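Encoded as structure tokens, the structure appears first; notes follow it.
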Amino acid sequence: MSSFRDEGRLTFTEGNVYSKVNDPANVGMCIARIRGQALNSLELNNTDKVEIGIEYDRMLDCLSTVKSTSDVEVIWPVTSGGAHMMRLHVVDEDLQFEIPTLDADSVPAIPDVDPLSHKSQVRVGGSELKKTVQRADTMTSDAGRGIDFTTYDQTLRVSSSDKTEGNFKKEFHNHDPSVEDGLGDHSTSISIDYLKDIKTIFTEGEAVTIHVKEDNPVRFDITLDEAGDAQVVYIIAPRLETGA
């Protein structure tokens, strides 16, 4: 979430923890969700929904020192000095962080937009996608340059072109037998700057599913567990041509 916004709302409902934000330029959207087997337990007292304003980087700073396999118990509100705090209790290490939270009304509202989904989807390795973004970036001279996502037959091509630096191309081949008629012919271009901000997250999951449709936003689904109950979705709108 912190790649797109400094602050946002963390929402708890029955059996579900999620957050959703647009970036300030309204070009990118991020959705993160934990449920099912990825959520050990959830108890809401006297309500069916809780929204908490948080600083994403502040929470990330705390959890960056914790093992990814650790269980974290989240308790809110914890009152300290008249302020509402969120307690992050790392059970197996017997340590706690208590961080200030924000009034949910003071941070951007959760966008009331369902994530788009395209029929043309290709599943690629997260590490390979990260390397592809890094390689494309070496071939672009200016910030804001586009990176193209093109599908044809059973192939996804990721490419960039720069008059000064040259051209780059990487092709991923679809191996999903359910896609019998091919991926169709689609092409869209998004800013490489957004991909540079999120490329590290691609490696958090075993694979990334990329949705591509002609001149539409590109969607990236990163599944963080085998059951698909912990997931991050990024959606990035097409890059506008500047005429430069």
Side-chain angles (χ1 to χ4, degrees), residues 1-24 26-64 66 68-78 84-90 97 99-118 121 126 194 197-198 200-202 204-211 217-237:
M1 311 301 296
S2 62
S3 298
F4 282 1
R5 278 279 184 182
D6 296 331
E7 303 171 347
R9 302 186 189 193
L10 188 61
T11 301
F12 298 81
T13 60
E14 184 177 356
N16 196 19
V17 179
Y18 69 93
S19 192
K20 183 197 301 188
V21 297
N22 287 334
D23 81 302
N26 207 31
V27 172
M29 176 185 287
C30 179
I31 306 160
R33 186 183 303 275
I34 307 171
R35 57 188 173 187
Q37 296 180 32
L39 185 64
N40 292 346
S41 65
L42 176 61
E43 180 181 345
L44 300 177
N45 292 317
N46 303 318
T47 185
D48 58 2
K49 181 179 180 180
V50 173
E51 284 192 346
I52 306 169
I54 62 168
E55 295 180 80
Y56 294 118
D57 276 336
R58 189 76 186 97
M59 182 174 284
L60 188 61
D61 286 343
C62 295
L63 296 178
S64 65
V66 176
S68 61
T69 54
S70 295
D71 284 344
V72 179
E73 183 181 52
V74 182
I75 302 173
W76 183 91
V78 176
H84 280 171
M85 313 281 279
M86 176 183 288
R87 178 179 295 159
L88 305 174
H89 175 207
V90 185
F97 300 96
I99 57 177
T101 57
L102 307 172
D103 183 347
D105 291 334
S106 71
V107 300
I110 291 178
D112 188 19
V113 178
D114 292 330
L116 55 82
S117 179
H118 303 319
Q121 302 178 17
Y194 280 82
D197 287 341
I198 66 175
T200 301
I201 308 301
F202 292 151
E204 296 295 328
E206 181 179 341
V208 180
T209 301
I210 306 174
H211 303 228
V218 180
R219 169 173 164 168
F220 303 88
D221 295 3
I222 306 107
T223 300
L224 306 179
D225 66 335
E226 292 183 1
D229 289 333
Q231 187 180 49
V232 180
V233 174
Y234 290 105
I235 299 172
I236 303 174

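As the structure is a prediction and not an experimental result, all values here were calculated from the model.
- Residues forming a side-chain hydrogen bond (donor to acceptor under 3.5 Å, both in side chains) with H89 (at least two apart in sequence, or on another chain): E73.
- Not one N or O on the side chain of T101 forms a donor-acceptor pair closer than 3.5 Å with the backbone of I54.
- Shown here is D57, whose CG atom has more than 12 heavy atoms of other residues, nucleotides or ligands within 6.0 Å.
- Between the SG atom in C30 and the OH atom in Y56 there is a gap of 8.0 Å [rounded to 0.5 Å].
- Considering only residues two or more places apart in sequence or on other chains, T69 meets the side chain to side chain contact (heavy atoms under 4.5 Å, CB included) condition with K67.
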Run W76 and V78 through side chain to side chain contact (heavy atoms under 4.5 Å, CB included) and show every step you take.
CA-CA 5 Å; W76 183 91; V78 176; over 6 Å; no
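- Scored by the side-chain hydrogen bond (donor to acceptor under 3.5 Å, both in side chains) test, D114 finds no partners at all (sequence neighbours excluded).
- Evaluation of the side-chain hydrogen bond (donor to acceptor under 3.5 Å, both in side chains) rule for R5 yields no partner, not counting sequence neighbours.
- Residues passing the side-chain hydrogen bond (donor to acceptor under 3.5 Å, both in side chains) test with Y194 are D23, sequence neighbours excluded.
- With hydrogens and angles disregarded, no donor-acceptor distance shorter than 3.5 Å links the side chain of S3 to the backbone of I198.
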Decide side chain to side chain contact (heavy atoms under 4.5 Å, CB included) for M29 and V21; before the verdict, give the C-alpha distance in whole Å, the side-chain angles of both, and the deciding distance to 0.1 Å.
CA-CA 6 Å; M29 176 185 287; V21 297; over 6 Å; no
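- Side-chain atoms of H211 and D221 include a donor-acceptor pair closer than 3.5 Å.
- Partners of E51 according to the side chain to side chain contact (heavy atoms under 4.5 Å, CB included) rule, which considers only residues two or more places apart in sequence or in another chain, are R9, T11, K49, A104, I110.
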Test log, rule side chain to side chain contact (heavy atoms under 4.5 Å, CB included), inputs L102 and E7:
CA-CA 9 Å; L102 307 172; E7 303 171 347; 3.7 Å; yes
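- Atom CZ of F202 sits about 7.0 Å away from atom CD1 of I210, to the nearest 0.5 Å.
- Under the 3.5 Å distance criterion, the side-chain polar atoms of R219 are matched with a main-chain donor or acceptor of L116.
- Atom CG in D61 sits 9.5 Å away from atom CZ in F97 (nearest 0.5 Å).
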Determine, step by step, whether Y234 and I201 satisfy the side chain to side chain contact (heavy atoms under 4.5 Å, CB included) criterion, reporting the C-alpha distance in whole Å, the side-chain angles of both residues, the deciding distance to 0.1 Å, and the verdict.
CA-CA 10 Å; Y234 290 105; I201 308 301; 3.6 Å; yes
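- Summarising the geometry, atom CZ belonging to R87 is positioned 12.5 Å from atom CD1 belonging to I99; distances are rounded to the nearest 0.5 Å.
- For the atom pair OG1 (T13) and CZ (R35), the distance works out to 10.0 Å, reported to the nearest 0.5 Å.
- One N or O on the side chain of D225 and one on the backbone of A230 form a donor-acceptor pair closer than 3.5 Å.
- The line from CD of E204 to OG of S68 is 8.0 Å long, rounded to the nearest 0.5 Å.
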